[in-house]
There are 2 protein chains.
Amino acid sequence: MTPTSGASAPRMTKQRAAVLDALSASDEFRSAQSWHDALRHEGSTVGLATVYRSLQALAEAGEVDAVVTDTGETLYRRCGAVDEHHHHLRCRVCGAAEDIEVPQFEEWAEKVAAEHGFARIDHTVEITGVCAACTAKGH
Amino acid sequence: MTPTSGASAPRMTKQRAAVLDALSASDEFRSAQSWHDALRHEGSTVGLATVYRSLQALAEAGEVDAVVTDTGETLYRRCGAVDEHHHHLRCRVCGAAEDIEVPQFEEWAEKVAAEHGFARIDHTVEITGVCAACTAKGH
DNA sequence: CGGCTAAATGAGAATCATTGTCAAACTCAG
DNA sequence: CTGAGTTTGACAATGATTCTCATTTAGCCG
Ligand SMILES: [Zn+2]
Ligand SMILES: [Zn+2]
Ligand SMILES: [Zn+2]
Ligand SMILES: [Zn+2]
């Protein structure tokens, strides 16, 4: 065992940096496969598995947000407010999204859950639609 | 083409009835596979594909509710308030759930979306946790 | 600056939930 | 009852995500 306690920070490999870069350059929610494509188009040779692993790690670390679509696909996005808990208004067509806060929702959820005897509460609040740009394009 | 207009109501086959029965006998959110298992254990010989098709049809018809878990699995449940729009407080361990209403949420969502130029709004609000029974069992 | 070792990568196989295929079985209007 | 269009079921095919494992590499030490 390593004498130093705690979990060491993940290594900063060039591929992880590339993933982070790509995410930082766009404000859209995209799937792992989509981010992988983007990286390849930029000349990177990252493997698909690595993109999946990086995104998962980043999501767990709270560096990026992840949402699951109604088709089961997981989409990732680097949000402006890193680490801050928030929700999203996302375009189903292009993935563009904005962070939003839902007034008093957290408190309300806690209360309702407690009233029903539920513990270890978690919640999902997402609003989707078609953004102005996509609507203009006829979507 | 059939002279009568519109889509005819889906046929009531014994397997679709069986699926509906199973759903009506439980208040838990379960996956298609899980419902299929349950039906088989009851002696039914329904095929897995049929269970999937039935659940989808029922969900589209608004007869049952469907939620997508964070692992991408779709869970189905026959809710007390059929056809009424509502949200859920669900146990991540056993699937037990209760219908809940979120005060003024729909109106709020519409407003926020409109302010951002989004059209064809939809939303997801789900609260999950571990129910009292499951907590007692040490989950 | 090398050397070293555990962590990270990539190519491809393997999973898993879900969907598609198509011949056979079935519902139900007439 | 009968015929025609539906629905079913066994199984193949998908598609997203995960796993395997040999190979590379980041980060640490001297
Ligand atoms: Zn966000
Ligand atoms: Zn858009
Ligand atoms: Zn419900
Ligand atoms: Zn429970």
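Naming: A, B, ... by sequence-line order, numbering from 1 per chain. FYI, side chains are in, hydrogens and waters are out, and symmetry mates aren't considered; it's all heavy atoms of this structure.
- Residue A:His123 is tested with A:Phe105, A:Phe118, A:Trp108 for a ring-ring contact (aromatic ring centres under 6.0 Å, His included); the sole match is A:Phe105.
- The shortest distance between the side-chain N/O atoms of B:Gln15 and the OP1/OP2 oxygens of D:dG9 is below 4.0 Å.
- One end of the helix from C:dC1-D:dG30 to C:dG30-D:dC1 points its axis 40° away from the other end's axis, with each axis taken from 5 pairs and the angle rounded to 10°.
- Here B:Thr13 does not reach the OP1 or OP2 of D:dT7: none of its side-chain N or O atoms lies under 4.0 Å away.
- Counting only heavy atoms from C-beta outward, the side chains of B:Glu107 and B:Glu110 never approach each other to under 4.5 Å.
- When the side-chain nitrogen and oxygen atoms of B:Tyr52 are compared with OP1 and OP2 of C:dT18, one or more of them lie within a distance under 4.0 Å.
- Side-chain atoms of A:His87 come within 3.5 Å of backbone atoms of A:Val125 as a donor-acceptor pair (strictly under, hydrogens ignored).
- Across all strands shown, A:Ser31 has no heavy atoms under 4.0 Å from either base or sugar-phosphate atoms.
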Run the side-chain donor-acceptor check on residues 22-34 of chain B: report pairs under 3.5 Å with partners two or more places apart or on a different chain.
unit_1, atom_1, unit_2, atom_2, d
B:Ser24, OG, B:Leu20, O, 2.9
B:Ser24, OG, B:Arg78, NH1, 3.1
B:Ser26, OG, B:Glu28, N, 3.1
B:Arg30, NH1, B:Ser34, OG, 2.9
B:Ser31, OG, B:Ser34, N, 3.0

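- Residues of residues 19-30 of chain B that place a heavy atom closer than 4.0 Å to DNA chain D do not occur.
- The CG atom of A:Asp21 lies 9.0 Å from the CG atom of A:Leu39; values are rounded to the nearest 0.5 Å.
- Without hydrogens or angle criteria, A:Arg77 side chain to A:Ala66 main chain gives no donor-acceptor distance under 3.5 Å.
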